[in-house]
Every structure is written in C-alpha cells, then in structure tokens.
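Labels below follow one simple rule: chain letters A, B, ... track the order of the sequence lines, proteins then strands, and each chain is numbered from 1. Worth saying up front: this structure is predicted, and the values here are computed from it rather than measured.
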Protein chains: 2
Amino acid sequence: MSRTTKGAADAERPGDDTLSRVELQLALLLRRAERTGAVRAGHTPALERSGYLLLLVLGTEGPLGINALAERQGLDASTVTRQVVSLEKAGFARRGRDPQDGRAVRVEATAAGRRQLEYERVRRAALYDQVLADWSPVERATLASLLERLNQDLDAFRREPEGR
Amino acid sequence: MSRTTKGAADAERPGDDTLSRVELQLALLLRRAERTGAVRAGHTPALERSGYLLLLVLGTEGPLGINALAERQGLDASTVTRQVVSLEKAGFARRGRDPQDGRAVRVEATAAGRRQLEYERVRRAALYDQVLADWSPVERATLASLLERLNQDLDAFRREPEGR
DNA sequence: GGACTTATCTGTATCCCACAGATATCTACC
DNA sequence: GGTAGATATCTGTGGGATACAGATAAGTCC
C-alpha cells in the first residue's frame with residue numbers, strides 16, 4: 001500500500017525504520033512535553049497550553065469571534081467557548097457582543113492577558129533554553145524549522161487526508 | 001541568567017528568536033499530533049496513545065510490574081494501573097501475581113496485544129508516511145534524530161531541572 | 001413573518017494524568 | 001513469632017483538553 005511500509009506485517013522491530021522512529025518519538029514527545037512545561041513542582045501555571053495559544057492568536061490578530069478562533073486553531077467551537085470562559089474568569093480576556101451581529105461575540109485580550117502572555121512566552125523560552133542546553137544554535141534552528149514544517153504538514157493532512 | 005533569553009522582559013515578538021519558535025511549534029505540535037493519529041474519521045483506534053506506549057514497553061522488555069512500567073514511562077503508578085486494567089479489558093494484556101512477591105503484579109502482553117501493537121505501529125508509520133510525503137529520506141532521518149534527542153533532553157530535564 | 005442559516009453555548013463523553021489515601025504483603029528485628 | 005516500617009498496587013477524586021450533538025438566540029431572505 002504505502003511504499004515505505006513495504007509488507008505491512010513486516011518483520012521490523014519498533015524503531016527500525018525512519019518512519020517508526022518519527023512516529024514513536026512523536027508519541028513520546030506528546031507525553032513528555034505536555035508535563036514539562038506545565039505543572040512543574042507545584043507551580044500551577046496561570047496559563048495552560050490552550051489558553052496560551054488562544055491568547056497568542058488574540059494578541060496577533062486582535063479581537064475575534066469564537067468561530068474564527070476555532071477555525072484558526074483547528075478546534076471545535078464548543079472547545080473554544082470554554083477556553084474563552086476560562087480566560088475570562090482569569091481576567092485575561094474580555095468577551096463582548098459584536099455590535100454588528102448580535103449572535104456573535106468579540107473576544108479580546110485584556111492588558112493583564114497580554115502581560116501574562118508575554119510572561120509565559122519568556123518563561124517557556126527559558127525552559128527550553130535549559131532543555132536544549134547542549135544544542136548548538138544551528139541545531140536549535142534546524143529543530144525549529146523542522147517542527148514548523150511538520151506542523152504545516154500535519155495541518156495540511158488534517159484538512160485533506162491525502163490517501164482518499 | 002540564561003544567556004539566550006537576554007533581558008527576559010525583552011521586546012521580542014512571538015516567533016522572533018529560535019527558542020520562541022521551538023517553544024511555539026512544540027505547543028502547536030502537541031495539539032496537532034494528538035488529534036492526527038487518533039480518532040480520524042470515526043476510526044476509533046483499538047489502541048490509544050497510552051496503551052500503545054505501554055504495550056511497546058511490554059513488548060520490548062517482557063513482563064513487568066506496575067512500578068517498573070510507571071518508572072520507565074515517567075508516569076504515576078496509579079495511572080499505569082488504570083492503563084493496564086484498560087488493556088486487560090481489551091484483551092491486550094494479562095495481569096498475574098508475581099510468585100515471588102505477593103504484592104507485585106506481572107503484566108504481560110497477550111498474543112492479541114502483540115498483534116495489535118504491530119498493527120498500530122504499521123498504521124501510524126503509514127500515517128506519517130503520508131504526512132511527510134514531501135520530505136526526503138534525509139530530512140525524515142534528521143527529524144527522527146532531533147526528536148530522539150529532544151525526548152532524551154526532556155527526560156533528563158524532568159529528572160533534574162538544571163536550574164536549581 | 002415564517003423558514004432557513006449562523007454563532008454560540010450547554011450537556012455529555014472520552015482520554016490522559018496526578019496526588020492522596022486505602023489495602024495487602026513483605027522484611028527486619030527483637 | 002509478632003510488630004513496625006517499607007513497598008506494590010489499587011481506588012477516590014479532580015483537572016485539563018477536546019469532540020459531537022442538541023438547544024438557543026439572532027440574523028437573512030423571500
């Protein structure tokens with residue numbers, strides 16, 4: 001079927017070929033990275049991953065509605081609704097009705113939200129600075145590039161799974 | 001403090017420097033990759049990520065106890081207990097008492113479990129073969145290597161956060 | 001003004017995971 | 001041999017992230 005996986009029920013052992021390596025490392029990464037940036041030693045972050053990414057979009061693209069936010073992030077609108085409620089509760093976002101369209105909502109980052117976003121960004125960068133302590137600038141840049149490309153390709157794949 | 005992050009409350013915009021790029025892309029990746037391998041189009045996978053990784057350890061290192069499994073994966077034992085129960089319910093693992101130590105448990109993959117693991121592995125590899133359709137073999141290999149290294153470094157960091 | 005569409009929200013369900021507190025065993029030591 | 005402490009696992013509980021389905025409110029169109 002797929003050229004690279006050959007006989008499917010092949011005799012490869014886990015980790016043998018490149019794709020399996022990538023796949024396995026990604027599975028591991030999901031778990032590792034999740035916990036690393038998060039609840040380190042009782043430090044409950046004011047901003048979880050979801051809120052962080054949401055604020056980032058808000059900060060970059062200004063006030064948006066729920067659907068727009070959901071679309072930009074490839075999430076369900078119901079998920080975004082809850083994330084916004086949560087940000088609002090924390091004082092990092094504000095929700096107002098769209099004057100043009102009474103159904104729609106206008107989500108906006110507050111000053112505290114922008115501050116917190118910046119704080120998080122710096123904190124996370126510092127964290128990875130430590131994790132990648134042994135990496136050369138070139139290696140770090142390569143990692144960044146490959147991840148960017150991987151994310152783009154994952155996005156593209158989600159939009160239209162190539163195989164049918 | 002950290003050489004690369006300079007002034008901390010610096011004027012960098014998101015994505016400006018390498019660390020921010022890495023950090024951001026990882027945050028995005030967590031979300032993307034999670035959904036991609038998983039519930040694609042009603043295809044409820046018999047093996048979720050957690051069960052997959054657990055079976056992988058079991059397959060590689062043979063029968064193990066809960067604590068050993070938890071340690072190898074950097075998880076809490078309570079989490080592993082539930083994962084094992086779930087695998088057992090699905091018929092992919094078996095749990096028996098350790099004859100030497102009545103407190104301990106011996107978790108073992110069943111034949112069905114090994115079959116399913118292999119099936120998953122192939123399925124996931126094929127998936128990434130599609131996602132990485134445009135990548136050259138060298139690029140794929142680079143990605144695999146960098147991810148492996150990143151995971152190692154994340155692991156090391158979790159064990160002993162370098163800064164204090 | 002009724003019918004259809006759209007934007008958001010609420011209900012419900014699934015994963016994944018951790019921490020705290022049982023419970024059952026084992027090990028040491030007197 | 002019995003008791004105290006260590007150890008292995010399990011159970012209770014709770015939180016984060018997300019999706020799908022259905023409810024509600026507000027536009028739009030004829």
Side-chain angles (χ1 to χ4, degrees), chain A residues 27-54 63-71 73-90 93 95-107 158, chain B residues 27-54 63-71 73-90 93 95-107 158:
Chain A
L28 289 173
L29 180 60
L30 296 195
R31 182 179 276 164
R32 299 254 188 312
E34 199 112 4
R35 305 285 141 206
T36 302
V39 197
R40 286 218 60 71
H43 167 262
T44 306
L47 226 43
E48 300 294 336
R49 181 186 83 215
S50 72
Y52 176 60
L53 292 174
L54 186 50
L64 288 174
I66 300 289
N67 277 340
L69 286 169
E71 208 171 303
Q73 306 189 87
L75 294 177
D76 191 89
S78 69
T79 298
V80 173
T81 292
R82 289 179 235 261
Q83 289 176 358
V84 169
V85 168
S86 160
L87 277 187
E88 200 172 31
K89 228 173 276 179
R95 207 168 20 163
R97 282 283 154 199
D98 180 328
Q100 256 66 59
D101 184 339
R103 297 164 300 177
V105 130
R106 223 181 76 109
V107 185
R158 285 190 60 159
Chain B
L28 289 173
L29 179 59
L30 295 195
R31 183 179 274 163
R32 301 257 186 308
E34 198 110 12
R35 303 288 139 206
T36 303
V39 199
R40 289 215 59 70
H43 166 262
T44 306
L47 227 40
E48 299 294 335
R49 181 186 82 214
S50 72
Y52 177 60
L53 291 175
L54 186 49
L64 287 173
I66 300 289
N67 277 339
L69 286 169
E71 208 171 302
Q73 305 189 88
L75 294 177
D76 190 90
S78 69
T79 299
V80 173
T81 291
R82 288 179 234 262
Q83 288 177 358
V84 168
V85 168
S86 161
L87 277 186
E88 200 173 33
K89 227 174 277 179
R95 207 170 17 164
R97 281 284 153 198
D98 180 327
Q100 255 66 57
D101 185 339
R103 296 165 300 178
V105 130
R106 224 182 75 106
V107 185
R158 284 190 61 159

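- When distances are taken from the side chain of A/Leu75 to each of D/dA17, D/dA19, D/dT9, the shortest belongs to D/dA19.
- At the phosphate of C/dC17, OP1 or OP2 sits under 4.0 Å from a side-chain N or O atom of B/Gln83.
- When rounded to the nearest whole Å, the span between CZ of A/Arg97 and C1' of C/dA7 equals 8 Å.
- As judged by a 4.0 angstrom heavy-atom cut-off over every strand, B/Gly51 is placed among residues making no nucleic acid contact.
- Between the CG atom of A/Leu30 and the C1' atom of C/dC16 there is a distance of 11 Å, given to the nearest Å.
- If you take CZ of A/Arg106 and C1' of C/dA7, they are 16 Å apart, rounded to a whole angstrom.
- Atom CD of B/Glu48 and atom C1' of D/dA17 are 14 Å apart (whole Å).
- Atom CG of A/Leu54 and atom P of D/dT18 are 10 Å apart (whole Å).
- Per the geometry, CG belonging to B/Leu87 stands 10 Å off P belonging to C/dC16, to the nearest Å.
- Not one side-chain nitrogen or oxygen of B/Thr79 sits closer than 4.0 Å to the OP1 or OP2 atom of C/dC17.
- The distance between atom OH of B/Tyr52 and atom P of C/dC16, rounded to the nearest whole Å, is 14 Å.
- Side-chain nitrogen and oxygen atoms of A/Asn67 include none within less than 4.0 Å of the OP1 or OP2 phosphate oxygen of C/dT6.
- In the set C/dC16, D/dT13, D/dT18, the nucleotide with an atom closest to the side chain of B/Arg49 is C/dC16.
- Nearer the 5' end of DNA chain D, as judged by each residue's closest nucleotide, is the contact made by A/Asp76, out of A/Asp101 and A/Asp76.
- In this model, a side-chain donor or acceptor of B/Ser78 finds a partner on the base of C/dC19 within 3.5 Å.
- In this structure, B/Leu87 CG and B/Ser50 OG are separated by 7.0 Å, a value rounded to the nearest 0.5 Å.
- Under a 3.5 Å cut-off, the side chain of A/Ser86 and the backbone N or O of A/Arg82 do not form any donor-acceptor pair.
- Within the 3.5 Å criterion, the main-chain N or O of B/Arg103 finds a donor-acceptor partner in the side chain of B/Arg97.
- Only one option out of B/Ile66, B/Thr81, B/Val80 pairs with B/Val107 in a side chain to side chain contact (heavy atoms under 4.5 Å, CB included); it is B/Ile66.
- Dashed line: the shortest gap from a side-chain N or O of A/Arg95 to OP1 or OP2 of C/dC9 is under 4.0 Å.
- Following rounding to the nearest Å, B/Leu53 (CG) and C/dC16 (P) show an atom-to-atom distance of 9 Å.
- Checked by atom type and distance alone, the side chain of A/Gln83 never pairs as donor or acceptor with a backbone atom of A/Leu54 at under 3.5 Å.
- Below the 3.5 angstrom threshold, one finds no donor paired with an acceptor across the side chain of B/Ser50 and the base of C/dC17.
- The base of C/dT6 sits with one of its N or O atoms less than 3.5 Å from a complementary donor or acceptor on the side chain of A/Arg103.
- With C/dC17, C/dT12, D/dG12 as the candidates, the nucleotide lying closest to the side chain of A/Arg82 is C/dT12.
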